[in-house]
There are 2 protein chains.
Amino acid sequence: MKTLTNTSVPNHKVTIVDVANEAGVSFATVSRVLNNSAHVKPETRARVLSAMERLGFVANRQARSLAGGKTNCIGLLVPDLGTGYIGEIIRGIDAELTLRGIDLILYTTHRTASKEANYVANLATGMVDGLLLVLPRNPTDYIGTLTRRNFPFVLIDHQGTGQDCPAVGATNWQGAYEATEYLIKLGHRRIGFITGSMDLGCAQDRLAGYRAALRTYHIPEDPNLVYEGTFFQPDGYAGASAFLDLPDPPTAIFASNDVMAMGAMDAIRNRGLRIPDDISVLGFDDIPQASLIRPALTTVQQPLEKMGRLAAQMLLDLLENPAQKVERIELPTKLIIRESCQPPRQAD
Amino acid sequence: MKTLTNTSVPNHKVTIVDVANEAGVSFATVSRVLNNSAHVKPETRARVLSAMERLGFVANRQARSLAGGKTNCIGLLVPDLGTGYIGEIIRGIDAELTLRGIDLILYTTHRTASKEANYVANLATGMVDGLLLVLPRNPTDYIGTLTRRNFPFVLIDHQGTGQDCPAVGATNWQGAYEATEYLIKLGHRRIGFITGSMDLGCAQDRLAGYRAALRTYHIPEDPNLVYEGTFFQPDGYAGASAFLDLPDPPTAIFASNDVMAMGAMDAIRNRGLRIPDDISVLGFDDIPQASLIRPALTTVQQPLEKMGRLAAQMLLDLLENPAQKVERIELPTKLIIRESCQPPRQAD
DNA sequence: CTGTTAGCGCTTTCAT
DNA sequence: ATGAAAGCGCTAACAG
């Protein structure tokens, strides 16, 4: 059984003053060493470092930040942790942050816009050096404030509503377009579409992609074939049920995310219909379980982990060089063909 | 387009001094109001409160904590975010913490014991007021230090290795016992068991529960029918494959978590076998996707969200009253019967 | 290169 | 019930 940081004095907190005494320098010098200031004689630096080691010194984060330095924390706002979707993004963020020794403060907004704004206000008051916002709800509410304050942040998975701010997303429009096109080329003419929360840019883009593909192939859009959901599984169930109740139900259903696609599958099966024999289902995201369910879900893959990693990199760059040019990056989506789609039963 | 905290002075940070001036009191009084001190005349309090409101005052966390108080942050150490399992626990923790306005600092150890110890050492130095450790790896390494320092923490999902410290877990032994018993009563005699990481208490307990049930029903244990996994999906695949290669393969497979159960399902299907017709599969955890896959997974449910919530409550209580008696709570598991198990094909 | 001196925004005695 | 004053541990000019 090993012991942790097995130093002599366990109670009294070791401060830079203690280190300074131990090393025989002023505490300012210790601070310099702490901050990698160039103006320290290597020999002195070594002495300080060894004193730190000996005393088991750990810098006090709050004090550093209060005094005007960095907190070495960045804040992460996510809507929730439920679906694995966010988990993938966080994995990427985390990988990048760990690499640079930066801590992550996590806030779950539970999809409440007011909470989101509140958190942002709070965080930007010094808790963190920068902000990562996943699937922001009403960014317009606070982006202005953040920008004005020159507070570094980057949006993840939000196709802006015209605002010019750092963001990384995926090619939602393109992804939806290609998926719809795939369905059409399979022979489908009546394709039900279940949207996400339409206040989210990505949801709008996906719907737009679907519509564009329909237009390209001269398929008139049937309003009955678009069901407005909110990215939750029950929406998928309800949407598919509504489609199936139609006198002329679709031969394929394209859900704006995998979770809703799974809900749709459930509804379809509950009617005694089979996938993909009777009806095809296509999702969006490619969350881990998409490949685990049967039939394995054909879906549009978003490079979630990569998006997270990239966003973290962008933020870190912004932190180092605030004058950085604003970048908006869209990572490519990719249609992953698995088992849930096939040509419609009766060729028309 | 609304504006956030639409106050007059956007740049200069509002401090208690500003509030004090605005309210015509000393800044000490403002501090008292901030801390709900009893010794403030209601009228004065009201005046200060309204001044805060007017100025859009937000207390600076670092300053409060530096000045001797709490950080109002608690640290959460988790192995990873991959499976939804952890997500559920966090959801519970988060619910409780949000209620009390406490922030969450998230650390992902990626199942590395050394990282874990490191994080703990760092965090216990003032970053956070308390620690929540999910599925701790080598708690023996640091529990001693933590206890000695009187640093509040609670373990989640770790059946102690004899140490007396606050913890919340589930009845892993019981859960595995009942699940195995269910399989036996269904008529199964050859039941393959895929273990979790055997350095984790919960994994050991589940295996023990399985064995105990076998013993109760006088079924001799076949070493070939126990495959050692690590809680990851590929282990389930490999384990099931190994079982299926046996001259006398099992008629049911009990995996120590749902993710491995899904891996097992994959392997089974890849052999052209059907679930549950040819072979039954049973999991553990009841993660969200367990009910979404087909066949829906019969599994042992852990009250994940509740565990998280309870652990947070315990920690918060500990924070308020450090003299608290050490508690170890085990929440009951529950067998959720769905579609992945049925009696074995040929009654022997 | 290194030491001195002010604060950062707040909590907390100690007076009043 | 309220004010004054002394730090919490550290960074950041400013001197030397």
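Below, chain A is the first sequence line, B the second, and so on; all start at residue 1.
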Worksheet item: Do the side-chain N or O atoms of A:Thr15 get closer than 4.0 angstrom to the phosphate oxygens (OP1, OP2) of D:dG9?
Response: no
Practice prompt. Let me know the distance between CG of A:Leu66 and P of D:dG7, rounded to the nearest Å.
Written response: 17 Å
Practice prompt. Please report, rounded to the nearest Å, how far the P atom of D:dG3 is from the CD1 atom of B:Ile16.
Written response: 12 Å
Item to complete: Pick base, sugar-phosphate or nothing for A:Val17, based on heavy-atom distances below 4.0 Å to the nucleic acid.
Response: nothing
Worksheet item: Is any side-chain nitrogen or oxygen of A:Asn60 closer than 4.0 Å to OP1 or OP2 of D:dC10?
Response: no
Fill in: Gap between atoms CG and C1', on A:Asp18 and D:dC10 respectively (whole Å)
13 Å
Worksheet entry | Atom of A:Arg45, atom of A:Ser37 and distance for their closest heavy-atom approach | NH2-O, 2.8 Å
Discussion item. Any donor-acceptor pair under 3.5 Å linking the side-chain atoms of B:Asp129 with those of B:Thr71?
Written reply: yes
Worksheet item: Quick one: which of C:dC10, D:dA12, C:dC1 gets closest to the side chain of A:His39?
Response: C:dC1
Discussion item. Whether A:Ser31 contacts D:dT11 is assessed here as follows: a side-chain N or O lying under 4.0 Å from the phosphate OP1 or OP2. Is that the case?
Written reply: yes
Discussion item. With a 4.5 Å cut-off on side-chain heavy atoms, are A:Tyr107 and B:Asp103 touching?
Written reply: yes
Practice prompt. Using the closest heavy atom to pick a nucleotide of DNA chain D for each, name whichever of B:Ala63 or B:Arg47 lands nearer the 5' end.
Written response: B:Arg47
Discussion item. Distance check needed: C:dC8 C1' versus B:Gln62 CD, whole Å only.
Written reply: 10 Å
Worksheet, complete the sentence: Whichever of A:Arg32 and B:Pro42 has the more 5' nearest nucleotide on DNA chain D, that residue is B:Pro42
Worksheet entry | side-chain contact (heavy atoms from CB on, under 4.5 Å), paired with B:Leu76, selected from B:Ile105, B:Val134, B:Asp94 | B:Val134
Discussion item. Can you say whether a donor on the side chain of B:Arg61 sits under 3.5 Å from an acceptor on the base of C:dG9, or the other way round?
Written reply: no
Discussion item. Just to be sure I understand the rule, does A:Val25 reach a base, reach only the sugar-phosphate, or reach nothing, if contact means heavy atoms closer than 4.0 Å?
Written reply: sugar-phosphate
Worksheet entry | Distance, rounded to the nearest Å, where A:Asn21 contributes CG and D:dG9 contributes C1' | 14 Å
Worksheet item: So what does B:Thr44 hit on the nucleic acid, given a heavy-atom distance under 4.0 Å: a base, only sugar-phosphate, or nothing?
Response: sugar-phosphate
Practice prompt. Would you kindly give the CZ-to-P distance between A:Arg64 and C:dG9, to the nearest whole Å?
Written response: 18 Å
Response to the item:
Taking D:dA5, C:dG3, C:dC8 as options, the one with an atom nearest any side-chain atom of A:Ala67 is C:dC8
Item to complete: Could you grab the distance from atom CZ of B:Phe27 to atom OG1 of B:Thr15, nearest 0.5 Å is fine?
Response: 9.0 Å
Worksheet, complete the sentence: Between CG of B:Asn36 and C1' of C:dT11 the distance, given in whole Å, is 14 Å
Item to complete: Just call it for A:Thr29: base, sugar-phosphate, or nothing, with non-hydrogen atoms closer than 4.0 Å on any strand.
Response: sugar-phosphate
Practice prompt. Could I get the full list of salt bridge (charged side-chain N to carboxylate O under 4.0 Å, His left out) partners for A:Glu320, not counting sequence neighbours?
Written response: A:Arg100
Item to complete: Report the nucleotide, chosen from C:dT11, C:dG9, D:dT11, that has the shortest atom-to-atom distance to any side-chain atom of A:Phe27.
Response: D:dT11
Worksheet item: To the nearest angstrom, how far is A:Asn72 atom CG from D:dT11 atom C1'?
Response: 13 Å
